There are 2 protein chains.
Amino acid sequence: MKFLKIPAATITRLSLYTRALETLIKEQVTVVSSKRLAELCGVNPAQIRKDLAYFGQFGVRGVGYYVKELLFDVKKILGLHREWKLAIVGVGNLGCALVAHENFTRQGYRFVAAFDADPMKIGRKLVTGLVINPPNEMHNICRDKQVEMGVICTPADFAQDIANRLVDAGVKAILNFAPTQIQAPDGVKVENVDFSVKLDNLAYYLTTG
Amino acid sequence: MKFLKIPAATITRLSLYTRALETLIKEQVTVVSSKRLAELCGVNPAQIRKDLAYFGQFGVRGVGYYVKELLFDVKKILGLHREWKLAIVGVGNLGCALVAHENFTRQGYRFVAAFDADPMKIGRKLVTGLVINPPNEMHNICRDKQVEMGVICTPADFAQDIANRLVDAGVKAILNFAPTQIQAPDGVKVENVDFSVKLDNLAYYLTTG
DNA sequence: ATCTTATTGTGATTAGAGGCACATGCGTGC
DNA sequence: GCACGCATGTGCCTCTAATCACAATAAGAT
Ligand SMILES: NC(=O)c1ccc[n+]([C@@H]2O[C@H](COP(=O)([O-])OP(=O)(O)OC[C@H]3O[C@@H](n4cnc5c(N)ncnc54)[C@H](O)[C@@H]3O)[C@@H](O)[C@H]2O)c1
Ligand SMILES: NC(=O)c1ccc[n+]([C@@H]2O[C@H](COP(=O)([O-])OP(=O)(O)OC[C@H]3O[C@@H](n4cnc5c(N)ncnc54)[C@H](O)[C@@H]3O)[C@@H](O)[C@H]2O)c1
């Protein structure tokens, strides 16, 4: 089981499952069937069972899944049982919103470094107390603070350069908000968050049906 | 051709192609091969040709695609040849960043209405001059201003309620930033933008490889 | 202890998307 | 005006992912 290649879509769904499970916990639900969970997540029940089957057996036949246990297990699979250290590059409108967002902290994502090229911003403190540093210190600071993930919130033109610096600083995972395709060497994972693409999808839908 | 079912992934890629084509125009490139475009977008050349083939023939054999023409055609396919009217609900950190974002305007997405439940915010003007209205005026204002897409930037607990109101106001497309699954009737398209899911993907990658 | 009921885990099946490879056809040069 | 080179458009194949359907099995009732 462990050695099968796991679809990327499965990982994405696992993330969704953790959310649904967290709301179930809030609602004091202790046991959930794949059917019910599937409804909450908008997927097929068999899909859930199969997704989980990649990693082992977590349910009880005839009963379902114990919510708290399953949440624990899925979080562990995803690597959410520990804290992750992030750096943000580009503390503009979007960057500030991200740093301020307290859900991330709750989930174990912590911003431990911030960078911006704007001389007016360097040295200033964010609401969280984080000091903004110049980009040329990225290498040293990221290594010092053991940054594991980099978040790019600069204009698109600089994104590739920033990515290179992050990689150079030993960062192996990048979340890119700039609307551009970033090249990274093997062993470095890049995820893009792209609002306009989503809007374009909606535009297409409204245009064509 | 026109009547085949078109994969969602194709639409997403078309959006990527428009970006690459726009940068090519900036670089004064007039003709591009599927091979070159594929490199820029990080996809397979045949994929590009196939994606375009769903909608017609746009290239010249032995030559490639005329950049400007192709951009025009792809934009038209996506419905980006016109302006779209958006409403934002929840003008917090993220909501403000979105409204302030000038790329959207450049692409033809225009925020024509803003809503927030916070009494301190109602009546205030955003940087764009847009006035913040209370949620109970959503129905009338959206209809008045002919809002076509709704953007949800409220905390997750309120997202479904907001979505219902938007649907009620005739909005047929919703971009949801709240980390929750939204139910909408047939004929209404919901797209989710979910940062934490992307972070979770990175966490999984760093944990498992 | 056995039967019933519910729901998992999974092999088989179906659907679909991506990639290959070649025939098609346009432009250029001779 | 003809031949050659080059990149498109597309049929076919492969591979992957999603769904179905059922056998395995746990809990509770009789
Ligand atoms: N704001 C949005 O809603 C939104 C939506 C979609 C995409 N994006 C993308 O996210 C990115 C940031 O958007 P924003 O609205 O925050 O823009 P912004 O202009 O408010 O902020 C950009 C920040 O990056 C900094 N910066 C510029 N060059 C830099 C460099 N080389 N190194 C470090 N920092 C640098 C600037 O000083 C500024 O603080 C852009 O690529 C934008 O296209 C934003
Ligand atoms: N900020 C981020 O980086 C980030 C990242 C991921 C997800 N999100 C999600 O985006 C959403 C907004 O995030 P944010 O950081 O802007 O939060 P925020 O708290 O800064 O803003 C939320 C806004 O919504 C308003 N609001 C609350 N209830 C409302 C209602 N019923 N009707 C209308 N408005 C209402 C609030 O008054 C506030 O202005 C949240 O769901 C959050 O989880 C944000």
Side-chain angles (χ1 to χ4, degrees), chain A residues 1-17 20-21 24 29-71 73-74 77 181 197 201 204, chain B residues 1-17 20-21 24 29-71 73-74 77 181 197 201 204:
Chain A
M1 278 296 149
K2 265 273 172 188
F3 307 114
L4 273 99
K5 192 178 46 56
I6 289 144
T10 290
I11 305 305
T12 298
R13 280 189 299 266
L14 287 181
S15 187
L16 253 44
Y17 303 159
L21 291 168
L24 285 173
V29 179
T30 56
V31 178
V32 68
S33 67
S34 60
K35 185 156 173 289
R36 178 87 188 90
L37 188 57
E39 279 163 16
L40 292 173
C41 299
V43 302
N44 184 297
Q47 185 79 77
I48 293 188
R49 300 200 294 273
K50 187 149 259 190
D51 284 340
L52 295 174
Y54 284 114
F55 301 98
Q57 309 205 156
F58 302 96
V60 182
R61 291 173 195 225
V63 178
Y65 301 89
Y66 293 100
V67 176
K68 230 179 143 178
E69 273 186 34
L70 184 60
L71 177 58
D73 290 332
V74 176
I77 292 167
Q181 208 61 24
V197 167
N201 268 281
Y204 174 77
Chain B
M1 279 295 148
K2 266 274 172 185
F3 308 113
L4 271 100
K5 193 179 46 53
I6 289 145
T10 290
I11 305 303
T12 298
R13 281 190 298 269
L14 287 181
S15 188
L16 253 45
Y17 303 159
L21 291 169
L24 285 173
V29 179
T30 56
V31 179
V32 68
S33 66
S34 59
K35 185 157 172 288
R36 178 87 189 91
L37 189 56
E39 280 163 14
L40 292 173
C41 300
V43 302
N44 184 295
Q47 185 78 76
I48 293 188
R49 299 199 296 273
K50 188 154 262 189
D51 284 340
L52 295 174
Y54 284 115
F55 301 96
Q57 309 206 156
F58 304 96
V60 183
R61 294 175 193 222
V63 178
Y65 301 91
Y66 292 100
V67 176
K68 230 181 143 177
E69 273 186 36
L70 184 60
L71 177 59
D73 289 332
V74 176
I77 290 166
Q181 209 62 24
V197 167
N201 267 282
Y204 174 78

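Proteins come first, then strands; the chains are lettered A, B, ... in the order of their sequence lines, and each starts at number 1. Bear in mind that the values here come from a model prediction, so they are computed numbers and not experimental data. Computation of the quantities below employed the complete heavy-atom set of this structure, encompassing side-chain atoms and omitting hydrogens, waters and symmetry-equivalent molecules.
Here B/Tyr66 does not reach the OP1 or OP2 of D/dT8: none of its side-chain N or O atoms lies under 4.0 Å away. Residue A/Gln57 places at least one side-chain N or O closer than 4.0 Å to OP1 or OP2 of C/dT10.
The distance from atom CD1 of B/Ile6 to atom P of C/dG16 is 14 Å, rounded to the nearest whole Å. Rounded to whole angstrom, the span from the CD1 atom of B/Ile48 across to the P atom of D/dT8 amounts to 9 Å. We find that CD1 of B/Ile11 is positioned 16 Å from C1' of C/dG16, with the value rounded to whole Å. Computed from coordinates, the B/Tyr65 OH to C/dG25 P distance equals 15 Å when rounded to whole Å. Atom CZ in B/Arg49 sits about 15 Å away from atom P in C/dA23, given to the nearest Å. Across the protein-nucleic acid pair, A/Asp51 atom CG and D/dA17 atom P stand 11 Å apart, rounded to whole Å. Nucleotide C/dA17 holds its P atom 10 Å from the CD atom of B/Gln47, rounded to whole Å. Counting to the nearest Å, the C1' atom of D/dC13 and the NZ atom of B/Lys50 are 10 Å from each other.
When all heavy atoms of B/Tyr204 and A/Ile77 are compared, the pair lying nearest together is CD1-O, 3.4 Å. The minimum heavy-atom distance linking A/Ser34 with A/Arg49 is given by the pair OG-NH1, 2.9 Å.
With a 4.5 Å cut-off on side-chain heavy atoms, B/Leu37 and B/Leu21 count as touching. For the pair A/Val197/B/Ile11, no side-chain contact is recorded, criterion being any heavy-atom separation below 4.5 Å from C-beta on. Proximity of A/Val74 to A/Phe58: side-chain heavy atoms (C-beta onward) are nowhere separated by under 4.5 Å. Here the side chains of B/Arg36 and B/Tyr65 are not in contact, with every heavy-atom distance at 4.5 Å or above. Put simply, the side chain of B/Leu70 reaches to within 4.5 Å of the side chain of B/Leu52, judged on heavy atoms. Between B/Asp73 and B/Tyr66 the shortest side-chain heavy-atom distance does not fall below 4.5 Å.
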>> Run A/Leu40 and A/Leu24 through side chain to side chain contact (heavy atoms under 4.5 Å, CB included) and show every step you take.
In response: CA-CA 10 Å; A/Leu40 292 173; A/Leu24 285 173; 3.8 Å; yes
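Pairing analysis of DNA chain C (Watson-Crick: purine N1 to pyrimidine N3 plus N6-O4 or O6-N4; G-U wobble: N1-O2 and O6-N3; both under 3.5 Å) yields stems of 3 or more pairs at C:1-30 with D:1-30.
Looking at residues 31-45 of chain B, you'll see B/Asn44 sit with a heavy atom under 4.0 Å from some atom of DNA chain C.
Nearest nucleotide to the side chain of A/Ala53, out of C/dG27, C/dT10, D/dA17: C/dT10.
The residue among B/Arg13 and A/Arg61 whose nearest nucleotide of DNA chain C is located toward the 5' end is A/Arg61.
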